[in-house]
A.B. asks: 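Quick one: structure below, then a few questions.
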Amino acid sequence: MPELPEVETVRQGLRPVLEGARLERVEQRRPDLRFAFPDGFVQRLTGARIEALDRRAKYLLAHLDRGDVLVMHLGMTGRFEIEGGAVAKRPGEFVYAPSADPKHAHVVFETDGGARVTYFDPRRFGFMGLVGADALATHPWFAGMGPEPLGPGFNAKMLAQAFAGRRQPVKAMLLDQRVVAGLGNIYVCEALHRAGVSPERPAGEVSKAKVALLVTAVRDVLAEAIEAGGSTLRDYAAADGALGYFQHRFRAYGREQEPCPKDGCRGVIRRIVQSGRSSFFCAECQR
DNA sequence: CCCACGACCTGTGGGC
DNA sequence: TGCCCACAGGTCGTGG
């Protein structure tokens with residue numbers, strides 16, 4: 001999936017066509033993605049106006065004028081394409097060529113601004129739901145969710161507290177959305193490399209100083225990735241079709257057997273598997 | 001509580 | 001070229 005920076009990039013790409021727009025037509029082309037669509041999904045959206053398009057962790061939140069929130073998660077391979085509307089370069093010119101892959105086009109939104117926004121998701125790990133705005137915080141998707149990593153709630157004090165006494169590897173703790181919400185495999189690997197912390201280190205054994213470095217590393221890598229428009233992985237492009245470039249700045253992720261890029265380090269990036277997922281790190285400078 | 005593992009689902013890339 | 005396996009950004013549930 002898109003991790004937080006990619007979801008944020010998608011949000012920024014969709015805002016000009018969705019914020020303030022009324023949904024004139026909604027097409028739901030299958031009964032489910034990862035989960036079934038809610039009853040009356042199309043009917044509850046058709047005619048509604050999107051007042052704001054927000055993000056919480058890796059979720060997109062479209063606040064509707066009817067009091068519902070359209071909640072969208074992109075899973076691993078979810079993406080949007082925009083045609084027409086405010087971002088069209090010229091009348092009739094598509095910003096993003098119509099997809100050659102219609103079989104994975106699962107949801108289509110058409111706005112009163114003339115834009116068509118199509119959701120594609122080959123693996124269908126993504127999902128969409130409608131939640132009452134007043135019930136968002138207590139909804140199972142959000143209740144117990146940790147702080148935003150770029151917000152004030154994520155800091156050395158709270159992270160040290162979360163790590164205290166835990167023998168779980170620090171990598172697993174950072175992937176746990178209850179600890180901090182929005183990190184995924186790539187940016188955790190990157191943050192651990194920047195902070196010089198081994199992904200295998202038991203969380204409770206990470207020193208206070210390293211915890212502080214981790215907080216800074218997480219914030220920095222996410223901010224830089226957002227600035228670069230996210231990372232273009234195999235299935236992902238920004239919502240407006242632009243390609244993110246941050247993947248070229250990965251220091252550890254996907255760089256198995258390459259020399260460690262840290263200044264003065266002579267190590268080599270290794271790949272190990274932790275709970276079924278690849279971790280890339282340098283055993284020389286990450287302890 | 002911890003952790004490993006499988007499930008969900010499809011596509012792609014590498015090795016042979 | 002073809003086939004098979006490993007692997008892919010996330011989340012959820014089970015069982016030891």
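Because the structure is predicted, anything quoted here is derived from the model rather than measured. Convention: sequence-line order gives letters A, B, ...; per-chain numbering from 1. The basis for the numbers below is simple: all heavy atoms, side chains too, and nothing from hydrogens, waters or symmetry mates.
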A.B. asks: With a 4.0 Å cutoff (strictly under), does any side-chain N or O of A:Q168 reach OP1 or OP2 of B:dC3?
C.D. replies: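 So the side-chain polar atoms of A:Q168 do come within 4.0 Å of the phosphate oxygens OP1 or OP2 of B:dC3, strictly under.
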A.B. asks: Is any side-chain N of the basic residue among A:R79 and A:E81 closer than 4.0 Å to the acidic one's carboxylate O?
C.D. replies: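 Salt bridge flag = yes for A:E81 with A:R79.
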A.B. asks: Kindly say if A:H104 contacts the phosphate of B:dG11, meaning a side-chain N or O under 4.0 Å from OP1 or OP2.
C.D. replies: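 For B:dG11, OP1 or OP2 has a side-chain N or O of A:H104 closer than 4.0 Å.
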A.B. asks: Is the phosphate of B:dG11, meaning OP1 or OP2, less than 4.0 Å from a side-chain N or O of A:T77?
C.D. replies: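 Answer is no, no contact under 4.0 Å.
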A.B. asks: Which sits closer to the 5' end of DNA chain B, A:S275 or A:K103, going by the nucleotide each is nearest to?
C.D. replies: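 The residue mapped nearer the 5' terminus is A:S275.
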A.B. asks: Can you measure A:M76 atom CE to B:dT12 atom P for me and round it to whole angstrom units?
C.D. replies: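 About 14 Å, once rounded to whole Å.
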A.B. asks: Determine whether any donor atom in the side chain of A:R124 lies under 3.5 Å from an acceptor atom in the base of B:dT10, or the reverse, and answer yes or no.
C.D. replies: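 Absent.
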A.B. asks: NZ of A:K58 versus C1' of C:dT11: gap in Å, rounded?
C.D. replies: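 Atom NZ in A:K58 sits about 9 Å away from atom C1' in C:dT11.
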A.B. asks: Taking a pair as Watson-Crick or G-U wobble with both distances under 3.5 Å, which nucleotide is matched to B:dC9?
C.D. replies: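 B:dC9 is unpaired by these criteria.
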A.B. asks: Okay, side chain of A:H106, backbone of A:D121: is any donor-acceptor separation there less than 3.5 Å?
C.D. replies: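 Flag set: sc A:H106 to bb A:D121 pair under 3.5 Å.
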A.B. asks: Between B:dC3, C:dA8, C:dC12, spot the one nearest the side chain of A:F35, thanks.
C.D. replies: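 Among the listed nucleotides, the one closest to the side chain of A:F35 is C:dC12.
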A.B. asks: So what's B:dC1 paired with, Watson-Crick or G-U wobble, going by both distances under 3.5 Å?
C.D. replies: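 Pairing partner, where one exists within any strand: none, as none qualifies.
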A.B. asks: Sticking with atom C1', work out how far B:dC3 lies from C:dA8, rounded to a whole angstrom.
C.D. replies: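 Between the two C1' atoms, the distance is 22 Å.
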A.B. asks: Salt bridge or not for A:R178 and A:D176, using N-O below 4.0 Å?
C.D. replies: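 Looking at A:D176 together with A:R178, the answer is yes, because their closest N to O distance falls below 4.0 Å.
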A.B. asks: Across the strands shown, which category fits A:G276 at heavy-atom distances under 4.0 angstrom: base, sugar-phosphate, nothing?
C.D. replies: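 If one applies the 4.0 Å heavy-atom cut-off, A:G276 turns out to touch nothing in the nucleic acid.
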A.B. asks: Is A:R55 paired with A:E148 through a side-chain N to carboxylate O contact shorter than 4.0 Å?
C.D. replies: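 Looking at A:E148 and A:R55, the cut-off is met.
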A.B. asks: How do A:V273 and A:R277 order along DNA chain C: which one's closest nucleotide is nearer the 5' end?
C.D. replies: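 Between the two, 5'-proximity favours A:V273.
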A.B. asks: Is any side-chain N of the basic residue among A:E224 and A:R194 closer than 4.0 Å to the acidic one's carboxylate O?
C.D. replies: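 Yes, A:E224 and A:R194 are salt-bridged.
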A.B. asks: If we require ring centres under 5.5 Å and near-parallel planes under 30°, does A:F125 stack on B:dC8?
C.D. replies: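 Aromatic stack with B:dC8 present for A:F125.
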A.B. asks: Is there a donor and acceptor pair closer than 3.5 Å between the side chain of A:R123 and the base of C:dA8?
C.D. replies: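 Present.
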A.B. asks: What's the CG-C1' distance between A:L183 and C:dG10, to the nearest Å?
C.D. replies: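 About 13 Å, once rounded to whole Å.
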A.B. asks: A:E3 has an atom CD; how far is it from atom P of C:dG10, in whole Å?
C.D. replies: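 Answer to the nearest Å: 5 Å.
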A.B. asks: Choose from B:dC1, C:dC7, C:dG10 the nucleotide whose nearest atom is closest to any side-chain atom of A:N185.
C.D. replies: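 Minimum distance to the A:N185 side chain belongs to C:dG10.
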A.B. asks: Which value, in whole Å, describes the distance between the P atoms of nucleotides B:dG6 and C:dC5?
C.D. replies: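 One P to the other, the span is 16 Å.
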A.B. asks: Within less than 4.0 Å of OP1 or OP2 of C:dT11, is there a side-chain N or O belonging to A:Q177?
C.D. replies: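 For C:dT11, OP1/OP2 do have a side-chain N/O of A:Q177 under 4.0 Å.
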A.B. asks: Nearest-Å distance, CZ (A:R30) to P (B:dC9)?
C.D. replies: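 Whole-Å distance recorded here is 9 Å.
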A.B. asks: Tell me the interatomic distance from A:Q257, atom CD, to B:dG14, atom C1', rounded to whole angstroms.
C.D. replies: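 So the two atoms are 14 Å apart, to the nearest Å.
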A.B. asks: Find the distance A:F280:CZ to C:dC7:P and express it as a whole number of Å.
C.D. replies: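 Distance check: A:F280 CZ to C:dC7 P gives 10 Å.
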A.B. asks: For nucleotides B:dC9 and C:dC3, find the distance between their P atoms and express it as a whole number of Å.
C.D. replies: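 Each nucleotide's P atom is 25 Å from the other's.
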A.B. asks: Is it true that A:R49 and A:D112 make a salt bridge, defined as a side-chain N closer than 4.0 Å to a carboxylate O?
C.D. replies: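 Salt bridge flag = no for A:D112 with A:R49.
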A.B. asks: A:H73 side chain N/O closer than 4.0 Å to the phosphate oxygens (OP1, OP2) of C:dT11?
C.D. replies: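 Indeed, a polar side-chain atom of A:H73 lies that close.
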A.B. asks: So, OP1 or OP2 of C:dC7: does either fall under 4.0 Å of a side-chain N or O from A:R271?
C.D. replies: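 The answer is yes; a side-chain N or O of A:R271 sits under 4.0 Å from OP1 or OP2.
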A.B. asks: Let me know the distance between OH of A:Y59 and C1' of C:dC12, rounded to the nearest Å.
C.D. replies: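 Distance check: A:Y59 OH to C:dC12 C1' gives 10 Å.
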A.B. asks: Compute the centroid of each ring, for A:F127 and then for A:H73, and state whether the two points are separated by less than 6.0 Å.
C.D. replies: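 Centroid distance A:F127-A:H73: below 6.0 Å, so yes.
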